[in-house]
Amino acid sequence: MRLYNTLSRRVEDFRPSAGNLVRMYSCGLTVYARGHIGNFRTFTCIDALRRTLRYQEGFEIRQVMNFTDVDDRTIAESQKAGVPLREYTDRFIAAFLEDSATLGLERPEAMPRATDEANLRAMTGMIQQLEANGHTYRSDGSVYFKISTLPQYGRLSHLDVAGIKAGARVDADKYSKEDARDFVLWKAAQPGEPTWDFGVGPGRPGWHIECSAMALRLLGEPPIDLHAGGVDLVFPHHENEIAQAEGATGRPFSRFWMHVEFLNLDQEKMSKSLGNIFTVPDVLQRGYRASALRYLYLSVHYRKQLKFTWESLDQAEEALTRLMDFLARLDTVTAPGGHAAVAARVAEARRAFADWMADDLNTAGALGVMFELVRAMNAAIDAGEVGAPDAAVIREAFDEFDRVLGFITLRRAEEATPPVPVETIERLIEERRIARRQRNFAEADRLRAELEAQGILLEDSPTGTRWKRK
RNA sequence: GGCGCCGUCGCCAAGUGGUAAGGCAGAGGUCUGCAAAACCUCCAUCCCCGGUUCAAAUCCGGGCGGCGCCUCCA
């Protein structure tokens, strides 16, 4: 497929370097708080990429996504809460996994935590390699990466020294660094902070080292095929990951870099430090379904900022409902016989869909294909030109689309647990059917209103009554 | 100060040289006990100015407006 590579700033052909296995790493969450819907935009887009590579392009995937469970904030917040670090971060890992499941994210093959001993040892091992290669210096017991020893530093972010020095904001410099852009690999032990000693002195890892070390430990020889994350990670995080991995191994770190743009709220990015955040549970509490949020995420290209508003979530709910209504309508098609025209139209849509997805993950374009097919097939059903075998072919196509996009499966799962038990709904529908047959419309309307008050809509048609959530 | 992105119908959003996908909302219609729902149909010349070209929303230049990175951050 074609994929934009931040390294080259161009769309390039993507395929694994060897064989059929895509080795990808994506930066996960720093687990000092619950992830917000901006974070999950990134994770959802990466999930869509993963699924496209897997189901559409036919590659095998080995994806590693980390949890940063030690840094200034996790330490500070756990202390504030009076809970041991590990126990504190456990909570937000659990919350992350819950929200991921709610949004239908596929589970990466590995989700390492920075503070697991094997990972810490991988980090200190890498730091020792960097020391041996002359890329480091020590100061007050901390180990720093000296960027002047790496000529290619800055290639990813295209930032030069001049630009940074002219900037209004210069590093506050909590630690004594020789150059403002040097960064810490290992922070010397501080009183009251968790400390490990695996060969580079007592202390804890700097933020960037974990990703370089865990990526290579869990994915094997560099270069890996793909590294992904939010745009804000381009600098300094990913730039520093490259410096560490390449300084240690002397080889390129990752062939492709993929970055997802921000989700904005009120004209500015949603971020914990700005305090303008909503979480997945917040969205659910407002009565929206996760499937709608997933749809909203995928309705905008991943390299464009997404302006989040409740109105756009409403629109996503409605759009997804149209899709679900169409799929439900397919189930009412019972006429025998298949039609070549339908098969041809469906095949065309499948091709177009795959083309859009393979073109730098153009999910918005792919959605357009789905709706065009919906309209064409609705018209064909109206004209009596769709038989049950055709319906099966159409269903199959949507199953294929959804293996990549995922919101239909998600909505079906949500529908399986409506606010009113399914047995109750079906019993009331049956009572209403009898009332209607006896032309007792007052009773029929009462039953309909009763269900609607509980969030269930009824839809009458010649083939019976269907229900759905409001 | 440096680097980068964006500005398409009331709203959301594809399209990046060949004459504007799709969704929401709206209008009209079909169906229906009614209402709803569903379905169909209709609904834009692309922020402004200038240039290149047979041809530009798409390329170039200049404006205006918005966002981001350069600092923890998805």
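Just so you know, these numbers come straight off a predicted model, no measurement behind them. The sequence lines fix the lettering, A, B, ..., with proteins before strands; numbering per chain opens at 1.
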Using a 4.0 Å heavy-atom cut-off, does A:M270 contact any base of the nucleic acid, only the sugar-phosphate backbone, or nothing at all?
base
For A:F96 together with A:F40, are the ring centres under 6.0 Å from each other?
yes
Mind checking if A:L233 touches a base, just sugar-phosphate, or nothing, with heavy atoms under 4.0 Å?
sugar-phosphate
Give a yes/no answer on whether the side chain of A:R322 brings an N or O atom under 4.0 Å of OP1 or OP2 in B:C40.
yes
Can you identify which nucleotide, out of B:G22, B:A13, B:A36, has its nearest atom closest to the A:K307 side chain?
B:A13
Which is true for A:G35 with a 4.0 Å heavy-atom rule: it touches a base, it touches only sugar-phosphate, or it touches nothing?
nothing
Of the nucleotides B:A36, B:G33, B:A13, which has the atom closest to the A:V300 side chain?
B:A13
Classify A:D445 by what it touches in the nucleic acid, base, sugar-phosphate, or nothing, heavy-atom distance under 4.0 Å.
base
Regarding A:H301, tell me which of base, sugar-phosphate or nothing describes its non-hydrogen contacts under 4.0 Å with the strands shown.
sugar-phosphate
Starting the side chain at C-beta, find the nucleotide from B:C11, B:C39, B:A74 nearest to A:E311.
B:C11
When you match A:A442 and A:N39 each to their closest nucleotide on RNA chain B, which lands nearer the 5' end?
A:A442
Between B:C72 (C1') and A:Y32 (OH): distance, integer Å
8 Å
